[in-house]
Structure formats: C-alpha cells, structure tokens
Amino acid sequence: MSARDKFHNVVKSALQKEGWRITHDPLLIRIENITDMYIDLGAERIIAAEREGQIIAVEVKSFIGTSTISEFHTAVGQFINYRYGLEEIGSERVLYLAVPLNTYNDFLNKPFIKTIIQRSQINLIVYDVETEEIIRWQI
C-alpha cells in the first residue's frame, strides 16, 4: 500500500462536512491474483430515504512536488487504472480525483490540461486546504 497523500485528511474532513460517510480508508481493489490497488477513500451518502445512496471512490492528490506536469501524468494514469479496476470488479462507485484549489486555478484550468481532463473523463473534487472544504464537484 502506498503512502497517504499530504492532504488525505483534509479531503476526508471536507467530505465528512458535506455529509459523506467514509466507508474505506483506503479502498482496496483486488484484481484476480494479479494486483492490489488502493484508492485513498471510499465514501457513501444517503440522498433521501426513498432513494438509493451514492457511493464514490476518491483519489487524493496534493500537487506539491517539483513538477506539476509530472504529478499530473501520474494522477491521470492512476485515475484511469483505478477506473478500469472498479469496472473490472463490478463496482458502482463513481471515481473522483481530489485536487487542491490552487492547483485547479493555476494549472488544471489551462486549455490543454482541461482538454485532457475532459477526454479522459476525469471527475474532479476541488478542495480548499485551509478551510478543509469542497469548493467544486466537476463531472
């Protein structure tokens, strides 16, 4: 299992503030006997008594390294592998990539990067590190 991202607990707290119940920390995906993959968080939220709950998986990224583009490449690769892994095991979880607000504003909003996010069908959760709140859900 890989090390937790620096802002793991920030995102966990932000999700809980919005009424999500953390069900897995981390969420294990086991693909046959080939490999184990760990998504940072699994959560669920009851929408209403008469409707089914939503379930999500969240991969947390801080983007605090020396190369934002390198971290982006890694995040995209992980996201795609995790999405395929969830499909392989028949999970109904919707996968999100959680990114800090400053990275979203300064890097992920650039036209070329936005195109990659859209074409790769990456769902985003944008979080504020200081307030530990979710600023934006982007599907």
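Worth knowing before you read on, the calculation uses all heavy atoms, side chains too, and leaves out hydrogens, waters and symmetry mates.
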**Report entry** Hydrophobic cluster membership, V11 vs L27, 4.5 Å side-chain cutoff
**Finding:** no
Query raised in the report: About how many Å separate CG of L15 and CD1 of I134, when rounded to the nearest 0.5 Å?
Result: 4.0 Å
Query raised in the report: For D25, which residues count as a salt bridge (charged side-chain N to carboxylate O under 4.0 Å, His left out) partner, sequence neighbours excluded?
Result: R4, K12
**Report entry** Residue pairs involving residues 26-39 (criterion salt bridge (charged side-chain N to carboxylate O under 4.0 Å, His left out); sequence neighbours excluded)
**Finding:** R30-D36
Query raised in the report: Apart from I55 itself, what residues make up its hydrophobic cluster when side-chain heavy atoms of I, L, V, M, F, W and Y under 4.5 Å apart count as a link, directly or indirectly?
Result: none
Report task. Look only at the side chain of S13 and the backbone of N9, and say whether a donor-acceptor pair between them is shorter than 3.5 Å. Result -> no
Query raised in the report: With distance as the sole test, does Y82 use its side chain to make a donor-acceptor pair with the main-chain N or O of G77 at under 3.5 Å?
Result: no
Query raised in the report: Would you call I39 and V58 a side-chain contact if the rule is heavy atoms closer than 4.5 Å?
Result: no
Report summary line: So salt bridge (charged side-chain N to carboxylate O under 4.0 Å, His left out) across residues 65-80, not counting sequence neighbours, yields none
Query raised in the report: Rounded to the nearest 0.5 Å, how far apart are CZ of R21 and CD of E44?
Result: 4.0 Å
Query raised in the report: When you measure from the side chain of S120 to the backbone N and O of I116, does any donor-acceptor pair fall under 3.5 Å?
Result: yes
Requested in this report: Quick one: pull up CD1 in I29 and CZ in R83 and give me the separation to the nearest 0.5 Å.
Outcome: 12.0 Å
Query raised in the report: Roughly how far, to the nearest 0.5 Å, is the CD atom of Q16 from the CD atom of E132?
Result: 10.0 Å
Report summary line: Rounded to the nearest 0.5 Å, the CD atom of E59 sits from the CG atom of N81 at a distance of 11.0 Å
Query raised in the report: So does K17 have more than 12 non-hydrogen atoms from other groups sitting under 6.0 Å from NZ?
Result: yes
Query raised in the report: For T68, which residues count as a side-chain hydrogen bond (donor to acceptor under 3.5 Å, both in side chains) partner, sequence neighbours excluded?
Result: none
Query - Heavy-atom side-chain proximity of V129 to P100 below 4.5 angstrom - result: yes
Report summary line: For residues 56-80, the ring pair (Phe, Tyr, Trp, His ring centres under 6.0 Å) pairs (sequence neighbours left out) are F72-F107
Query raised in the report: Residues two or more places apart in sequence or in another chain: which of them pass side chain to side chain contact (heavy atoms under 4.5 Å, CB included) with S67?
Result: I69, S70
Query raised in the report: Can you hop from I117 to I135 via hydrophobic side chains spaced under 4.5 Å?
Result: yes
Show every donor-acceptor pair shorter than 3.5 Å between a side-chain atom in residues 121-128 and any protein atom, with sequence neighbours excluded, or say none if there are none.
residue: N123; atom: ND2; partner: L95; partner atom: O; Å: 2.9
residue: Y127; atom: OH; partner: K61; partner atom: O; Å: 2.7
residue: D128; atom: OD1; partner: E130; partner atom: N; Å: 2.8
residue: D128; atom: OD1; partner: T131; partner atom: N; Å: 3.1

Query raised in the report: Does any N or O in the side chain of S62 come within less than 3.5 Å of the main-chain N or O of F7, such that one atom is a donor and the other an acceptor?
Result: no
**Report entry** Same cluster (ILVMFWY, side-chain, under 4.5 Å), I22 and W137
**Finding:** yes
Query raised in the report: Under the side chain to side chain donor-acceptor pair (under 3.5 Å) rule, what pairs show up with a residue in residues 96-114, not counting sequence neighbours?
Result: Y104-R136, Y104-Q138
Query raised in the report: Is it the case that one hydrophobic cluster holds both L97 and I64, taking links as side-chain heavy atoms less than 4.5 Å apart, direct or via other members?
Result: no
Report task. Answer yes if I80 and V94 sit in the same cluster of Ile, Leu, Val, Met, Phe, Trp and Tyr residues linked by side chain heavy atoms under 4.5 Å apart, and no otherwise. Result -> no
Query raised in the report: Which residues pass the side chain to side chain contact (heavy atoms under 4.5 Å, CB included) test with T35, sequence neighbours left out?
Result: I31, M37
**Report entry** Side-chain donor or acceptor of R93 paired with backbone N/O of I56 under 3.5 Å
**Finding:** yes
